Structures are given as structure tokens and as C-alpha cells.
Undergrad: 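So that we are looking at the same thing, I have put the structure below in C-alpha cells.
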There are 2 protein chains.
Amino acid sequence: MRLDAHSILPPELRACATELQLSKGALLFAQGSKPKAMYCVRSGEDRLIRTAVNGAEIVLQRATSGFVAEASLDHAAYHCDAVVVKTATILSVPRSRFQRALSDAAFREAWIGYVNAQLRHSRLQCERLLLRTARERVLHFMETEARGRVLKLGMTKKAWAAELGLTHEALYRTLRSMLEAGELAERPSGCFRMKSV
Amino acid sequence: MRLDAHSILPPELRACATELQLSKGALLFAQGSKPKAMYCVRSGEDRLIRTAVNGAEIVLQRATSGFVAEASLDHAAYHCDAVVVKTATILSVPRSRFQRALSDAAFREAWIGYVNAQLRHSRLQCERLLLRTARERVLHFMETEARGRVLKLGMTKKAWAAELGLTHEALYRTLRSMLEAGELAERPSGCFRMKSV
DNA sequence: CGTACTTTTGAATCGCATCAAATCTGGTGG
DNA sequence: CCACCAGATTTGATGCGATTCAAAAGTACG
């Protein structure tokens, strides 16, 4: 996750991969369509979006560097849309090739490790969303994502708010009160520093 | 997930597995301890619990039939406690044996499928927790977990509330209003039936 | 048959969503 | 290079829905 995810792909897969260039607004795949390839975002940003009954959009996954809908490759149809939010370079590996490559021991081991990491990350995300207040969610995010008390936020605050399950207004207010309380310090280029443990 | 998860274990692993009988309140493993085995709950109930900074308990995973902390087997230490909530029978497979067994092609394929399913489930759970109102979360749960408009709830409403990220009071009230509105019908033995789509 | 836990309802409170609007910022094209 | 535009950031006012605290009734299990 920290390192480029595509590096776990074995040479033969990288050899047969197509590199897609998709501009903002493009649809990588649509809800209901059949998975034909495994996608790996190398630059830009892609989001898995599901439109709720009431019309609200829910972001299921946000990929800036990593695989997209990797748990659904063996499914009959995608259950969400994959939208390019920021012009992206995306590797596309044919589904059958990918599955055949999994017969290689080293690759399968690496792949299991990757999916495990994704699962732990998702469970952590659930844990965070179970917290009741905005402040607790921010602290939880810090505790789990920061490297040595310093968080390098790789997104806008608005996107962060969405990930925390908050409106951006609520996040702004919470951050402000935490800054004023001295619990947090904001540094340029989207960095935050925690004060106490 | 629907079928007994342990059935994906190959014969040689089932042969070397120990069957643990743990009574309510027992600790399967503690936060900070090193993973020594892969556990699979066969009956009873086991919960992964993390105590938040404020002292509140957060349920990370709830296992009544399936593997526990399966994504952390290759980790140096558990980051949560595994507590037996209801007297349980748990299969224990030594860590090294499990990892060696993954060299078998069929088992690894099955295992990847299992972890994929877990990942999809966890992402769905996140999606649900991003919904703002109790009613929406209940409906989402119905839509994703019900079989043909009928939901067989395999837990108490209190546990359900925790899974939905609500207090039990909020869930009771929401259910009542949905019953009164005719959106839902309650049947004996924890079954619910949706009215419209 | 008692005890622990779930289920259920009530009242008061609080935090977040919502709606509104102004400012700031980065990137685009003329 | 500057004007412009879309999106991000920020602040304010208001209301709703869920939490919280409290308490009673139902239920399962040893």
C-alpha cells in the first residue's frame, strides 16, 4: 500500500498489461458490467462510487496507487461505478491472464499479503466509522495513519471529510477547535502534527 | 461465508487442527500477543474487541462461523483482544502449518476467494456506516444481507445495533417507526420481511 | 426461581447535517 | 501575463436525529 502496488505484479503480467490514459470524468467500468481486467492505478485518482437509493453518492474505494475492485474480479458483475476523478494512468491486466498468473507461488503469496493488507485497512476504516464524534475519528485516523506523529494528508480536506464520514464543514470546525485546543498543529502542504499521545 | 468456512481447509490441516472449547468470557488471544495459530470458530461466538482511548469498546469483527483475524496471521502482534462472547468451539491450526498448506494450489485459490469475500463484506460495512440515518442503514443492511426480501437475523437486536453503528435504543425506535409505516414486517425468531423494493 | 441480559419506552441534550454565502486557490485559455 | 472558473476552504445560523441517562418489563438459562 505504501509502496507502489503494481510492483507485486510478476514480469509476465507487466509485459501483457495495457496502459490506459483516462481523463477526468471518464468511466473505467460501469455498474453491472462484467469484470474483464484487473486494474491498477499508477497515477491520478479513481473512485468506486455507488449511488444510494436517495441519490447520494457513496465512495466505496479511493485509489491513487493500487488495485481497483480487486476483490470483485471473480464476480459476475461490478456493483458500482469506477470514475476517474483526476486524470489517471491505469494498468489493465486481462482477467484470465491475472488468474493464471496466480498459479505462481511467489505471486500468490504476495497477492494474499496485499489483499490481507486491504482487509486490515478496511476493518480499520469500519472501526473509525463506529466512533461517534468527529474529534474521535480524526484522532483515530491520526493514530492509525500517521508516521511518527506527523500525518501527511495525501488528499484535500474535503476528500478526507468524506473518508471520515463527515461533511466538510464538520471537519473544518473540528480541526479548528483541535488547533485552538493545541491538540494538533497544521504544517504546510497538508501535514498535521499531533501534540500528545 | 454462508457455508461453514472451515470446509475450505484441506484434509491435512483439519487433521492437525486442535479443537478448543472456550467458555464465555475467555480470551482467545490478547492484544499485543504474537499470532501462533489460525482460528476458525465453529460454534458459539467470538469477538475482536479494541478498547478506544475513551474507554469505549469497539467490535472489530464478530465471528460465529468463520476465521478470526485471518488478515493478521502474518503480523508481529495482534492489535486487539479476541473475546469469547458465547461458549465456543474453535479450531486452531498452527500458524506454520497453515502457511505451508497455502503452497497447495487448490487451497490457495479457495483462501484467496475467502479473503476476497471478507474484503467485499467489510467494504459493504463501511458503505453502510457512511449512511447518515438509522433508517438508511437498516434498509442498506436488508438490501445486502437479506435473501429474497426476508432477513434472518442471526443475532440479538442489540448486537445488530452495534454492527449498524447505532445505540440499541436508536435501532428499536427506528424499527418501530418502520413497522408502523409498513416498510417492514417482523416475523418470529428474528426474521424481517421488506415490503417494497 | 433467580439472575443476567435483552427489549422497550421516555425525556433532555448535544453534535452534526443542512443551507447559505464569502473567500481563497489552482489551473485554463485568451 | 492576466482574467476567469471550478473547486476547496472557511464561517454562520438553524433544526433534526441520534446519544445519553433512566427505568420498567420481558426472556433465557443454569
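Just so it is clear, the structure is predicted and the values come from calculations on it, not from any experiment. Letters go in sequence order (proteins before strands), and every chain restarts at 1. Heavy atoms only: backbone and side chains are in, while hydrogens, waters and symmetry mates are out.
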Undergrad: Given atom NZ of B:K24 and atom P of D:dG30, what is their separation to the nearest angstrom?
TA: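 That distance rounds to 9 Å.
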Undergrad: Check this for me: does any side-chain nitrogen of one of A:R128 and A:E145 sit under 4.0 Å from a carboxylate oxygen of the other?
TA: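 Looking at A:E145 together with A:R128, the answer is yes, because their closest N to O distance falls below 4.0 Å.
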Undergrad: Does a distance-only test, which skips hydrogens and angles, find a donor-acceptor pair under 3.5 Å between the side chain of A:R173 and the base of C:dG15?
TA: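 Absent.
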Undergrad: Does a side-chain N or O from A:R132 land closer than 4.0 Å to OP1 or OP2 of D:dA18, or not?
TA: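 Checking A:R132 against D:dA18: no side-chain N or O falls below 4.0 Å of OP1 or OP2.
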Undergrad: For the pair made of CE in B:M178 and P in D:dG17, what is the distance, rounded to whole Å?
TA: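 Taking CE of B:M178 and P of D:dG17, I get 14 Å after rounding.
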Undergrad: B:A170 side chain: which of C:dT9, D:dT9, D:dT19 is closest?
TA: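 Nearest to the side chain of B:A170 among the choices is D:dT19.
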Undergrad: Nearest-Å distance, CG (A:L164) to C1' (C:dA17)?
TA: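 Rounding to the nearest Å, CG of A:L164 and C1' of C:dA17 are 15 Å apart.
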Undergrad: Measure the distance from CE on B:M155 to P on C:dT6 and round it to the nearest whole Å.
TA: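 Spelled out: CE on B:M155 to P on C:dT6 is 13 Å.
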Undergrad: When you measure from the side chain of A:L166, which nucleotide among C:dT7, C:dA17, D:dA18 comes out closest?
TA: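 Output: C:dA17.
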Undergrad: Report the distance from atom CG of B:L130 to atom C1' of C:dA17, rounded to the nearest whole Å.
TA: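 It is 14 Å, rounded to the nearest whole Å.
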Undergrad: Does A:R135 get its side chain close enough to the base of C:dG15, under 3.5 Å, for a donor-acceptor pair?
TA: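 By the distance-only test, no, there is no pair.
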Undergrad: Between B:Q99 and B:S96, does a side chain to side chain donor-acceptor pair (under 3.5 Å) hold up when you go through it step by step?
TA: CA-CA 5 Å; B:Q99 284 179 327; B:S96 57; over 6 Å; no
Undergrad: NA contact type, A:G165, heavy-atom cut-off 4.0 Å: base, sugar-phosphate, or nothing?
TA: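 Since only primed, P, OP1 and OP2 atoms lie under 4.0 Å of A:G165, the category is sugar-phosphate.
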Undergrad: Base, sugar-phosphate or nothing for A:T167? Non-hydrogen atoms, less than 4.0 Å.
TA: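 Since a base atom lies under 4.0 Å of A:T167, the category is base.
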Undergrad: Taking the side chain of A:E169 as its heavy atoms from C-beta onward, which of D:dG12, D:dA8, D:dA18 lies nearest to it?
TA: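 Out of D:dG12, D:dA8, D:dA18, the nucleotide with an atom closest to A:E169's side chain is D:dG12.
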Undergrad: State whether the side chain of B:R120 and the backbone N or O of A:A71 hold a donor-acceptor pair below 3.5 Å, judged by distance alone.
TA: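 Side chain of B:R120 to backbone of A:A71, a donor-acceptor pair under 3.5 Å: yes, one is there.
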Undergrad: Between A:R137 and A:G165 (side chain of the first, backbone of the second, donor and acceptor by atom type, cut-off under 3.5 Å), is there such a pair?
TA: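 Side chain of A:R137 to backbone of A:G165, a donor-acceptor pair under 3.5 Å: yes, one is there.
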Undergrad: Rounded to whole angstroms, how far apart are NZ on B:K157 and P on D:dA28?
TA: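 So the NZ-P distance, B:K157 to D:dA28, works out to 13 Å.
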Undergrad: OP1 or OP2 of C:dT8 less than 4.0 angstrom from a side-chain nitrogen or oxygen of B:Y172, does that happen here?
TA: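 No, B:Y172 has no side-chain N/O under 4.0 Å of OP1/OP2 on C:dT8.
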Undergrad: Do A:T89 and A:E19 have side-chain N/O donor and acceptor atoms under 3.5 Å apart?
TA: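 Distance-only check fails for A:T89 and A:E19.
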Undergrad: Whole angstroms only, please: what is the CG-C1' distance between A:L131 and C:dG15?
TA: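 After rounding, the reported distance stands at 15 Å.
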Undergrad: Whole angstroms only, please: what is the CD-C1' distance between B:E180 and C:dT8?
TA: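 That distance rounds to 13 Å.
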